[in-house]
Amino acid sequence: MFSSSHPRASCPRAPNHRKHTMNNKLYVGNLAYSVTSDTLNELFSQFGTVASAKVMTDRDTGRSKGFGFVEMDNAAQAQAVIDGTNGRPVEGRNLTVNIARPMEPRQSFGGGDRGGYRGQRY
């Protein structure tokens with residue numbers, strides 16, 4: 001494997017990295033718009049090691065979409081988070097916390113014809 005002096009030794013994709021499964025990734029909904037990723041990290045860290053915490057934001061405005069995802073270090077910690085926070089009020093709103101589902105493929109609107117100049121049509 002890699003030695004500690006190897007450039008990939010600390011890389012998250014290094015072979016010894018603990019794999020996170022979907023049982024570790026949580027959906028957190030009904031968030032107040034004032035809740036940040038740091039807020040989620042602080043709240044959930046009391047239940048174990050938070051691998052990542054992200055509040056989803058609108059790409060154009062940067063405003064929170066009112067939901068996020070938290071990935072815990074293992075499934076037992078994720079279950080402890082669900083048991084301890086689902087339905088609990090945070091900044092005036094009761095959280096919805098459950099195991100995240102895999103992202104569904106987006107529907108294609110087909111057609112591929114996006115308009116635009118195509119040269120002479122006659």
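For the single chain, residues carry numbers from 1 onward in sequence order.
Considering OG1 of T85 and CG of L40, their distance stands at 9.5 Å, rounded to 0.5 Å. Summarising the geometry, atom CD1 belonging to I82 is positioned 13.0 Å from atom OH belonging to Y27; distances are rounded to the nearest 0.5 Å.
Closest non-hydrogen pair, N24 versus N74, comes out as OD1-C, 3.3 Å. What you find for L26 and I99 is that their closest heavy atoms are CD2-CD1, 3.8 Å.
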### Query
Does the side chain to side chain contact (heavy atoms under 4.5 Å, CB included) test come out yes or no for V81 and V70, once each step is laid out?
CA-CA 10 Å; V81 168; V70 174; 6.0 Å; no

### Pair K25-F69, side chain to side chain contact (heavy atoms under 4.5 Å, CB included): steps then yes or no
CA-CA 7 Å; K25 192 165 188 176; F69 296 94; 3.9 Å; yes

Donor-acceptor pairs under 3.5 angstrom involving side-chain atoms of residues 28-36: please list them, not counting sequence neighbours.
residue	atom	partner	partner atom	Å
N30	OD1	R93	NE	3.2
N30	OD1	R93	NH2	2.5
N30	ND2	N94	O	2.7
S34	OG	E91	OE1	2.2
T36	OG1	D38	N	3.4
T36	OG1	T39	N	3.1
T36	OG1	T39	OG1	2.9

Indicate every side-chain donor-acceptor pair of residues 42-56 with a distance under 3.5 Å to a residue at least two apart or in another chain.
residue	atom	partner	partner atom	Å
S45	OG	N41	O	3.2
S45	OG	E42	O	3.0
Q46	NE2	L43	O	2.9

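Hydrophobic clustering (ILVMFWY, side-chain heavy atoms < 4.5 Å, transitive): V90 and M72 are in one cluster.
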